[in-house]
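Both backbone and side-chain heavy atoms feed into the values below; hydrogens, waters and symmetry mates do not. Values in this document were obtained by computation on a predicted structure and should not be read as measured data.
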Amino acid sequence: MDTEQLKRQRIAVIGGGWSDEREISLQSATEVRAALLEAGFEAVDLLDLAGDDFVAKISSGAYDVAFVALHGAYGEDGCIQGLLEVLHIPYTFSGVAASAAASEKQMAKALFDEAGIRTPRGVDVPAGAGLTDDQIDQIVESLGLPLFVKPAANGSSFGISRVTSRAVLNDAIAAAGSAGGRVLIEECVSGTEITVPVIGNDDPHALPIVEIVTGAEFYDLKVKYEPSSLHHVIPARLDPGVYAKAQQIAVDAHKVLGCRGCSRSDFIVTDEGVPVILETNTIPGMTANSLLPDSARHGGIEFPDLCTRFVRYALEAHEERA
C-alpha cells in the first residue's frame, strides 16, 4: 500500500476503558489522534472503550484500522484484541496471545526463564492471602530485603510497593491485590534502570535505550508523568557491549512473547553489567512524556511518523494472517 492509500484509511483510536490507567490512556489516545491528523490521515476518530455506544461504533463505523491506545486491563491483556479479531478489524500492536502472556508477569517470567533471559527471583501468591510468619521468614530468607511487591497483571506502577521490613509485607500484598488477581513478590535488583523500546513485526529492531534517573526509590507514578527531560537520559550511559546486549535481549523478549508492532522492555543493569528484565509492555505510553516516543525522537523518528509506522505494521500483520 502506497503512502497516499495509507492516509485514506479510516482509523479508530481506542482509549479510556475501565483500568487504573484510564486517564493516561485517554491522554495517549488524544495525542495519537493529533499525530495521525498531523501526518495527513483524513479520518481519525477517538473512541472510549467504556462508552455505552463503543461496540456499536466500532462494529458499524467501517474502520480500516484500530489504533489501540489502551493501558492495563481490557486493553493490554488480550481482551480488546479478541473483539477486534472477531470483527476482522486490523489493529496495532500485539495479538491476543502475546498480549495476555506479557500482561501476566508470572507467565512472562516463565517464558523469559525458559529462553535464558534473566529475571528477578520471585514468588507469586493469591491476592488477599495473608502470609504466616513462617512463610514471611522463608520469603525474606530466600529473596532478602528490600522486596518489590506488585500486581501480577497491572501496569504503570499501580499497586507497587518497595518493602524494606518484613512487618509490612502483608500490607503490601493487600495493596497490590486490591483489584483481585495474583501478587508477585520479587527480589530487589540494584543497578541502573533502563528501558528498551522495540518496533517492527517480522524483523523487529531496538530503538535508543533510555536510562531512567529518578532520585526516588523506584520509577513510580509521580515520576513517570513529570517532564521527560527530568528523568530520561538518551542514549543510556552504558558500556557499549552492555548497551548492545540489552538491545538484543529486548528484541529477544519481543520475539519470545510473540509481540508485533512495538514493545518496551524494562531492565535493571547490575553493577556487573548484566541486564535483568523486569517486564515487557505491549502498549507503551504514547504521551509527550512517554518513554517510547522520546526514544524514537532521539532515533530520528518524530511522533507522527512513529504513529504512521504503527498503522502500517497493523495492516501488514493483518494481511499476513489473512
Side-chain angles (χ1 to χ4, degrees), residues 1-17 25 28-49 54 57-71 74-103 197-205 207 251 254-255 257-264 280-286 290 292-293 296 301-322:
M1 181 180 297
D2 63 29
T3 301
E4 185 177 343
Q5 290 175 308
L6 182 69
K7 299 298 175 66
R8 289 201 296 266
Q9 302 297 294
R10 185 174 177 82
I11 312 295
V13 181
I14 305 175
S25 169
S28 285
T30 299
E31 296 194 26
V32 164
R33 180 178 183 272
L36 290 172
L37 290 172
E38 182 181 343
F41 284 85
E42 299 172 5
V44 186
D45 296 337
L46 197 163
L47 306 183
D48 185 346
L49 178 64
F54 170 77
K57 283 185 174 180
I58 193 66
S59 59
S60 63
Y63 291 109
D64 299 300
V65 183
F67 194 117
V68 183
L70 294 160
H71 310 309
Y74 303 104
E76 279 185 278
D77 55 8
C79 289
I80 187 64
Q81 291 80 8
L83 173 62
L84 294 169
E85 291 279 359
V86 170
L87 296 174
H88 301 288
I89 299 174
Y91 56 91
T92 57
F93 312 130
S94 296
V96 176
S99 299
S103 70
V198 172
I199 63 173
N201 287 341
D202 295 334
D203 187 25
H205 64 277
L207 295 175
V251 171
H254 183 98
K255 292 179 177 179
L257 292 171
C259 296
R260 65 171 186 255
C262 85
S263 67
R264 200 202 73 225
T280 296
N281 303 276
T282 55
I283 308 179
M286 292 288 171
S290 297
L292 189 148
I301 307 172
E302 294 298 327
F303 194 40
D305 182 24
L306 182 67
C307 292
T308 300
R309 292 187 187 206
F310 291 151
V311 172
R312 190 178 291 279
Y313 293 153
L315 289 167
E316 290 173 353
H318 184 77
E319 288 173 7
E320 288 180 8
R321 293 197 305 277

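Closest of all the heavy-atom pairs between Ala98 and Gly258 is CB-O, 3.4 Å. When all heavy atoms are compared, the tightest approach of Ala39 to Thr308 is CB-OG1, 3.4 Å. Taking all atoms of both residues into account, the shortest heavy-atom contact from Leu70 to Gly16 is CD2-O, 3.5 Å. Contact between Gly285 and Pro293 at its shortest, heavy atoms only, is O-CD, 3.6 Å. Shortest non-hydrogen contact noted between Val198 and Pro204 is CG1-CB, 3.6 Å. In plain terms, the two heavy atoms of Phe303 and Glu31 that are nearest each other are CE2-O, 3.6 Å.
Val68 places a side-chain heavy atom less than 4.5 Å from the side chain of Leu84. The closest side-chain heavy-atom distance from Asp45 to Arg10 is below 4.5 Å. In this structure, Leu47 and Tyr63 have side chains that are in contact, with non-hydrogen atoms separated by less than 4.5 Å. Two residues are said to be in side-chain contact when any heavy atoms from C-beta on lie closer than 4.5 Å; Asp64 and Val311 fail this criterion. Within the 4.5 Å cutoff, no side-chain heavy atoms of Leu257 are placed close to those of Ser263. At least one side-chain heavy atom of Pro197 sits under 4.5 Å from a side-chain heavy atom of Arg264.
Remark: side-chain polar atoms of Ser94 are paired, donor with acceptor, to backbone N or O of Arg260 under 3.5 angstrom. In this structure, Asn201 contributes its side chain and Gly261 its backbone to a donor-acceptor pair below 3.5 Å. For Gln81 (side chain) and Gly75 (main-chain N/O), a donor-acceptor pair under 3.5 Å exists by modelled atom type.
With rounding to the nearest 0.5 Å, the separation of CG in Asp48 from NZ in Lys57 is 9.0 Å. Atoms CG and CD1, from Leu87 and Ile58 in turn, are 7.0 Å apart once rounded to the nearest 0.5 Å. With values rounded to the nearest 0.5 angstrom, Ser25 atom OG is found 8.5 Å from Ile283 atom CD1. To the nearest 0.5 Å, atoms CG (Asp305) and CD (Glu38) are separated by 11.0 Å. Atoms CG and CZ, on Leu36 and Phe67 in that order, are 6.0 Å from each other to the nearest 0.5 Å. Note: Phe93 CZ to Ile199 CD1 = 10.5 Å, rounded to the nearest 0.5 Å.
For Phe54, the ring pair (Phe, Tyr, Trp, His ring centres under 6.0 Å) test picks out no residue, with sequence neighbours left out. For Tyr313, there are no ring pair (Phe, Tyr, Trp, His ring centres under 6.0 Å) partners, not counting sequence neighbours.
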Worksheet entry | Stepwise side chain to side chain contact (heavy atoms under 4.5 Å, CB included) check, Ile11 with Arg33 | CA-CA 9 Å; Ile11 312 295; Arg33 180 178 183 272; over 6 Å; no

Practice prompt. Dump the intermediate steps for side chain to side chain contact (heavy atoms under 4.5 Å, CB included) on Ile301 and Leu207, then the final yes or no.
Written response: CA-CA 10 Å; Ile301 307 172; Leu207 295 175; 4.2 Å; yes

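Sorted by first then second residue, the salt bridge (Lys or Arg N to Asp or Glu O under 4.0 Å) pairs that include residues 312-322, not counting sequence neighbours, are Glu85-Arg321.
No more than 12 heavy-atom neighbours from other residues, nucleotides or ligands sit within 6.0 angstrom of CD on Glu4. Within a 6.0 Å sphere centred on CG of Asp203, other residues, nucleotides and ligands contribute 12 heavy atoms or fewer. Counting heavy-atom neighbours within 6.0 Å of Lys7 NZ, excluding the residue itself, gives a total above 12.
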